[in-house]
Structures are given as structure tokens and as C-alpha cells.
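Remarks on the structure that follows.
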There are 2 protein chains.
Amino acid sequence: MATTRSSSVARRPLDIDEMAAWRAFVLANARIVKLLQGEMECEQGLSLPAYEVLVRLSEATDGRLRMSDLATFATLTPSGLTRLVDKLVADGLVERVRCDTDARVVYAAITPAGLARLKQAYPTHLRGVREHFVDRLTPSQLAALHAALDPLVAGCPTES
Amino acid sequence: MATTRSSSVARRPLDIDEMAAWRAFVLANARIVKLLQGEMECEQGLSLPAYEVLVRLSEATDGRLRMSDLATFATLTPSGLTRLVDKLVADGLVERVRCDTDARVVYAAITPAGLARLKQAYPTHLRGVREHFVDRLTPSQLAALHAALDPLVAGCPTES
DNA sequence: GATCAATAGTTGCGTCTGCAACTGTTGTGA
DNA sequence: TCACAACAGTTGCAGACGCAACTATTGATC
């Protein structure tokens, strides 16, 4: 008889508080992300993942990142990133750069136009994050939230 | 000269803590949702939105909900919900029921087969939520998280 | 040094999903 | 009672995205 095999044994259902916290967690995220997405799309004509890619590249050394690293940062699959970068390259915001020492590797590198585009889009994102997230929380709430989120992202590839 | 017009004036950038909290928030959600999605798909052959629809219907009076209400609960657009329900109807898990008093309205109603399917899928979801969310937090962390999330979902259509 | 597994990235294909336009229904104001 | 706006839901269309298969390259093993 199984005793505590977690993968096959029915567990105690969530209690009221656990359930409420879980639903609030999901709902809050869905709500905020959808708002940010709409604002970025509408005001800047940029998808949120595209913005995210530009941000990550701008933060990286030499403004470039391996495709695979960029994919994990942007929480996309490799194939998804390939097409997104295709589009950014077509728009002149990003360049593909082959790696000298490993011919398998491709870097995505942000261009000056990409930096300019990012600088232009940044206020939209900043305002959205403030309006829908940061400014709705007291500093202590924010700290508590962050502290509680830490165990949830522990060991995450994108922790940096 | 504008003074504090929030929509057009550059705001103070996020400080380190705000930025870290924001990124943890986004990352935690992306990570957990992707895990749950994969588990539900893999173990139960059910998409997460489909599972969510079945849950909401099972909780509703008479096991049915207007399409538009269901759409907001499942955070889908009306069109998205229409196709999802199409699929669930094809699988025999949900039925469409016309409203007697308003011919515009369609109810989605969970069938006995849908309830059975939900009962079967529930442990997978429960285990995932526990493993990736609830069990990683102490009760006080969970309470703090919930308290901090509340202002983020205030006034949300799906608050119930 | 040849073979073979592992790795990086891309592409084919199918699915999901949103926007805009459309149909049908209801209620409101003249 | 006759427009006409508002509403509920669906459909056409197109874009985004993931999985699996594929190509090219590298590194490990014998």
C-alpha cells in the first residue's frame, strides 16, 4: 500500500485560504500582463515578448546574447524565439551575429535602431508596471510579496 | 508645462527592489503555469484553459454558465471561448443550452462525462498547485502573498 | 582520426487565440 | 410600431507559439 508517494496519492485539497491565494496569484498575473500587453501593442506597436527581448539584449554585455540564453530569459522556446528574432531583424532592431569560436552558435545583437526603439517604448512599460503593480502596493507589501515569491523562483534558470 | 500628467510624463524608474519584485512576479507565474500546463496536457490530455472551464462550470449553479460569464472567468475572449467550448462539446464534456428568456444567450453546461473527466483530472492539478506553489510557502508567506495580491485584483471582474 | 552522441538553431506543421466583422435578438426612444 | 443602438455569440482571418523533425557543428570515445 502506498503511504506518501506524492505523484500517485490523492492529497488534501486546498483549503479556503490556499485556494484564494492561488486564484489571486493567477488572476493578478493574467490581468496585469494583459493590460501591459495591450498598452505596449497599442501605444508602441510592439509585442510584450519583443519588448522583453530588446530589454534583455540591452542589458547584456555588448548588447548581445546567444539565442538559447535569450530564449530562456524571454521564457520562449527556441523555435518561438527564432521567429520573433526573424521579425526583429526584419524591422532592423536586432542583428544575427555568428560566433567565431563555435559555428553552431548565433548571437542576437541589438542595433542602434533597436536601442532607440527600446528607449521610446520604455516609458510605456514603466508606467504600466507602476500603475498596475508597484503603485498599488505599499513598500511593505512589496517586500512581503517579493519574499514570498522567492521560494517560487528558486532554482529558476532566469533568476539573475 | 505639464506637472504631473501621469500618462505622458516620464516617471521615476523602478528601484532595485521594485524591479526584482516585478521580475520575480512575472517569472514565478510563467514558470508555474507552464509546469501545470505541461502536466495537465501530458497526464490528462487536457489543456489548462479546458480544465479551468470545467472547474468553473462544476462550481456554478446547475453546472452551467452564460458564455460571456464563462469567458471572463476563464480569462478568454468570447471568440476563444466559443472554439474551446466547441471542442469540449465535441468531446461530450459540455453541452450548449439555449436560454428560454433571451434568445441571444447560450449557456455552457457541464455533462456527467465532463464531471467525471474533471474528477479524474483534479488530482493532477491539485498536486501541481501544491508542489509548485502552496507547499513551497510557509503559511505566513502564503498569507502575506495573498494580502499583497489583493490590491492587485481589486475590482477585477473575476473576484468571486 | 573515425564514429557517435550531444548541442544550437531552424523549419514544417498544427493548435490556440485575438481582432474585426457579421448574424440574430433585445430593449429604448420617437 | 418602427427605427436604431446595445448586446450575445459566432466566424473569417491572421498571428503567435510549441512540438517534433531536421541540419550543421562540436566534443567525446575508441
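Protein chains get the first letters and strands the later ones, always in sequence-line order, with residue 1 at the start of each. The figures here come from the full heavy-atom set of this structure, side chains too, leaving out hydrogens, waters and symmetry mates.
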Which part of the nucleic acid, if any, lies within contact of A/Arg96, taking any heavy atom under 4.0 Å across all strands shown: a base, the sugar-phosphate backbone alone, or nothing?
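Answer is sugar-phosphate: A/Arg96 comes under 4.0 Å of backbone atoms only.
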So what does B/Ser68 hit on the nucleic acid, given a heavy-atom distance under 4.0 Å: a base, only sugar-phosphate, or nothing?
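Result for B/Ser68 = sugar-phosphate.
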Presence of A/Lys87 side-chain N/O under 4.0 Å of D/dG15 phosphate oxygens OP1/OP2
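No, because none of the side-chain N or O atoms of A/Lys87 sits under 4.0 Å from OP1 or OP2 of D/dG15.
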Below 4.0 angstrom from OP1 or OP2 of C/dT17, is there any side-chain N or O of B/Arg83?
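No, no such contact exists.
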Spacing of [X] atom [atom1] relative to [N] atom [atom2], expressed in whole Å:
| X | N | atom1 | atom2 | answer |
| --- | --- | --- | --- | --- |
| A/Asp69 | C/dG9 | CG | C1' | 13 Å |
| B/Glu41 | D/dG18 | CD | C1' | 10 Å |
| B/Arg66 | C/dT25 | CZ | P | 16 Å |
| A/Asp86 | D/dG15 | CG | P | 14 Å |
| B/Leu76 | C/dG18 | CG | C1' | 10 Å |
| A/Arg64 | C/dG9 | CZ | P | 13 Å |
| B/Tyr107 | D/dA8 | OH | C1' | 12 Å |
| A/Asp100 | D/dT25 | CG | P | 15 Å |

By nearest nucleotide on DNA chain D, pick out whichever of B/Met67 and A/Pro49 is the more 5' one.
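Final value for this comparison: B/Met67.
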Kindly say whether A/Ala148 contributes a backbone atom to a donor-acceptor pair with the side chain of B/Arg136 at under 3.5 angstrom?
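Not a single qualifying donor-acceptor pair exists.
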B/Arg66 NZ/CZ over B/Tyr107 ring centroid, <6.0 Å and within 45° of normal
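Here B/Arg66 fails the 6.0 Å and 45° test against B/Tyr107.
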Whether over 12 other heavy atoms sit under 6.0 Å from B/Lys34 NZ:
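Yes, enclosed.
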The side chain of A/Thr82 lies closest to which of these nucleotides: C/dT26, C/dT10, D/dT25?
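Of the options given, the side chain of A/Thr82 lies nearest C/dT10.
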Residue B/Ser79, side-chain atoms from C-beta onward, closest of C/dC19, C/dG9, D/dA8:
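My answer, after comparing the listed nucleotides, is C/dC19.
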Salt-bridge contact A/Arg23-A/Glu18 (side-chain N to carboxylate O under 4.0 Å):
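Result for this pair is no, no salt bridge flagged.
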Using heavy atoms to find the nearest nucleotide of DNA chain C for A/Gly80 and A/Asp102 separately, return the residue whose nucleotide is more 5′.
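The residue whose closest nucleotide sits nearer the 5' end is A/Asp102.
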Whether the B/Thr124 and B/Gln44 side chains hold a donor-acceptor pair (N or O, under 3.5 Å, no angle test) is what I'd like checked.
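Judged by distance alone, the side chains do pair up.
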Does B/Thr77 make a side-chain donor-acceptor contact with the base of C/dC19, cut-off 3.5 Å?
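It does not, because no donor-acceptor pair links the side chain of B/Thr77 to the base of C/dC19 below 3.5 Å.
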